[in-house]
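All values below were derived from every heavy atom in this structure, side-chain atoms included, with hydrogens, water molecules and symmetry-related copies excluded.
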Amino acid sequence: MYESDRDLPYDPQTYKDAYDEMEHGKIRMSGIRSAIEAADAHQDTSYRIYFRLELCRESVFYGDGLDMMVIFPQALAIIDQYPDTEATVHELGYSNSLDHILWVYKWMLEECADFYQVPLEDCLKFFEDFKKRSLAYGYNLRPYYYYKYFFYSDIGKQLSTEAFHKFEELPRDGNCDCEACEQNSIVNFYLKNGDPERAARLAEDIEHFRLTCGHGDKGAWLRLKKQYMKYHMERGEYEEAETYCRMMERHMTKDKEYQRWEDFLWCYANTNMGKALQIYKAHWKEWEQERNPSEIFDVNKNIACFFKKLAKEQTKKTIRLPLDASFPLYDEQGCYLLEDLFQYYYNRARDVARRFDQRNGTSSYCDRLAAALKSGGDLDV
């Protein structure tokens, strides 16, 4: 709570109005935290929950998800203590606070896969808790299987596929993600499983904006472009992937999901190395500050591949970069060995990969890293 707020009468609307005016990301999350403190101090149960769920939303869509991993269990603890808590006037479409919590719970399940710090047994407990609460509330298990499909994608293909087909078989209900988001996931499944024709048919309503996402008119369309960009990159079809990169760049939003600069970096490294180098120079610092382990892996994997390819393409073994003293390998002259840069980013990706694989009991992340580096050439690692 801000010092100047301590002597003011408590009014949750004032706090909401204040943070709604703030820039998305860390600044707005700070404002929401002040709202949480005020609601806690006044034992305003509805807003204690609501403000925490607002922080979860901001963390997921404009942050790295870490804040949600901390704050969402608090919302669960409050609703367990006060199960009949009413929704606030801002929670339109939700019958009560628990209904809203069940919606946000899905984000928690999704983020479980991204944080190796959450033990596998705890992840599975969250899934079973969500299942129990959903059934008790009267919802079916379509969302449960939907997020299990994603969760198991790095643990076991058979488990993941089984969960997907169970999701497909169940009807939509009030706790399902928007239809466009689900359709995009179905498209992604068939792309990954060797049926691009079926995927293309399923994508038509999104492609032609007959099916849109509530999170911005172009949200579903951008998500579709992201999937096709990755599909072509995984197949080594970089010219095709570049078409989707450019589409996404032209329609960039503040939603972090669509700011896939690490993917653009690797795509352009194969089509326009100068453009790739510009992207690295513009984004290296925010990549250093990333806190989401899954994102840390993807970012550092792609940067390692970028420097590996750059080292193969140019005769000089060094490169000049305008990095500042916060960079771990900082050189006052701005001169860096390409091998050192590659090794730095490779080591970061490898360390995170090993932690995920240890948590999941697989070799999935290390296998992905090895496959990505193999596609980039023969530089020793």
Side-chain angles (χ1 to χ4, degrees), residues 106 109-114 120 123-124 127 140-172 176-208 210-211 213 219-245 247-248 257-258 260 262-263 266-267 294 297-298 301-302 353 356-357 360-375:
K106 297 177 297 181
L109 299 180
E110 185 174 17
E111 295 295 333
C112 274
D114 287 357
L120 182 61
C123 294
L124 296 178
F127 271 97
N140 70 31
L141 296 183
R142 184 176 168 97
Y144 167 80
Y145 288 116
Y146 180 67
Y147 285 99
K148 265 211 163 177
Y149 155 61
F150 290 111
F151 181 74
Y152 279 127
S153 63
D154 283 310
I155 297 177
K157 183 175 176 60
Q158 182 177 346
L159 290 170
S160 180
T161 301
E162 288 174 358
F164 176 83
H165 290 306
K166 288 179 179 179
F167 146 74
E168 262 193 322
E169 292 168 1
L170 289 166
R172 289 175 50 78
C176 287
D177 285 354
C178 82
E179 188 174 357
C181 292
E182 286 193 347
Q183 191 76 349
N184 251 317
S185 298
I186 295 171
V187 169
N188 188 43
F189 174 85
Y190 288 109
L191 278 177
K192 285 185 172 181
N193 286 275
D195 197 345
E197 292 81 12
R198 184 171 184 178
R201 291 195 301 272
L202 292 166
E204 287 181 0
D205 283 344
I206 298 172
E207 178 65 44
H208 298 291
R210 293 189 293 266
L211 196 57
C213 177
W221 184 83
L222 279 168
R223 191 171 291 119
L224 183 68
K225 300 308 169 188
K226 181 181 73 172
Q227 291 177 171
Y228 272 95
M229 174 189 70
K230 283 182 165 290
Y231 170 72
H232 288 296
M233 286 173 63
E234 288 169 0
R235 293 165 60 87
E237 299 166 350
Y238 296 108
E239 296 292 339
E240 292 88 342
E242 183 181 349
T243 302
Y244 294 99
C245 287
M247 287 183 192
M248 292 186 69
E257 177 184 356
Y258 310 118
R260 305 305 301 176
E262 66 273 18
D263 292 324
W266 178 233
C267 181
S294 180
F297 171 76
D298 285 334
K301 167 177 64 67
N302 285 11
F356 270 116
D357 285 343
N360 296 336
T362 68
S363 62
S364 175
Y365 272 83
C366 286
D367 291 346
R368 281 165 55 192
L369 178 59
L373 291 166
K374 185 177 181 180
S375 71

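- Between E168 and K166, no side-chain nitrogen of the basic residue sits less than 4.0 Å from a carboxylate oxygen of the acidic one, so the salt-bridge criterion is not met.
- Atom NZ of K192 and atom CD of Q227 lie 8.5 Å apart (nearest 0.5 Å).
- A salt bridge links E207 and K225; the closest N-O separation between the charged side-chain nitrogens and carboxylate oxygens is under 4.0 Å.
- E182 has its side chain out of reach of N184: every pair of non-hydrogen atoms, C-beta onward, lies at least 4.5 Å apart.
- Here the shortest heavy-atom pairing between M233 and D263 reads CE-O, 3.4 Å.
- Taking the six-membered ring for Trp, F167 and Y149 have ring centres at least 6.0 Å apart.
- Residue D114 comes nearest to F356 through the heavy atom pair O-CZ, 3.2 Å, listed as atom of the first residue, atom of the second, then distance.
- In summary, of the residues considered (N188, V187, L191), a side chain to side chain contact (heavy atoms under 4.5 Å, CB included) with L202 occurs for V187 alone.
- Here the shortest heavy-atom pairing between K106 and C176 reads NZ-C, 3.6 Å.
- Using a 4.0 Å cut-off between charged side-chain N and carboxylate O, D177 and R142 make no salt bridge.
- Contact record, A353 with F297: CB-CE1, 3.7 Å, taken as the closest heavy-atom pair.
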Before you tell me yes or no, could you show the steps for R201 and D195 under salt bridge (Lys or Arg N to Asp or Glu O under 4.0 Å), namely the whole-Å CA-CA distance, both residues' side-chain angles and the distance that decides it to 0.1 Å? CA-CA 10 Å; R201 291 195 301 272; D195 197 345; 5.4 Å; no
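- Here the SG-CG distance, from C178 to L211, works out to 7.0 Å after rounding to the nearest 0.5 Å.
- In this structure, S363 OG and R368 CZ are separated by 11.5 Å, a value rounded to the nearest 0.5 Å.
- Atoms CG and NZ, on D298 and K230 in that order, are 5.5 Å from each other to the nearest 0.5 Å.
- Taken from CD in E197 to OH in Y190, the straight-line distance is 13.5 Å, to the nearest 0.5 Å.
- Taking the six-membered ring where the residue is Trp, the centroids of F150 and Y146 are separated by under 6.0 Å.
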Test E204 against R210 for side-chain contact (heavy atoms from CB on, under 4.5 Å), laying out the working first. CA-CA 8 Å; E204 287 181 0; R210 293 189 293 266; 3.9 Å; yes
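- With respect to H232, the ring pair (Phe, Tyr, Trp, His ring centres under 6.0 Å) criterion is satisfied by exactly one of Y244, W266, Y238: Y244.
- Contact check for I186 versus F164: side-chain heavy atoms found under the 4.5 Å cut-off.
- The shortest distance between side-chain heavy atoms of N302 and R260 does not fall below 4.5 Å.
- The shortest non-hydrogen separation linking D154 to T362 is O-OG1, 3.4 Å.
- Taking both residues in full, the closest heavy atoms of Y145 and A163 are given as CB-O, 3.4 Å, listed atom of the first, atom of the second, then distance.
- Counting heavy atoms from C-beta on, the side chains of L109 and F151 never come closer than 4.5 Å.
- N140 places no side-chain N or O within donor-acceptor distance of the main-chain N or O of L170, the cut-off being under 3.5 Å.
- We find that E240 and R235 are not joined by a salt bridge, their nearest charged nitrogen and carboxylate oxygen being 4.0 Å or further apart.
- Interatomic distance, CD of E110 versus OG of S294, reported as 10.0 Å (0.5 Å rounding).
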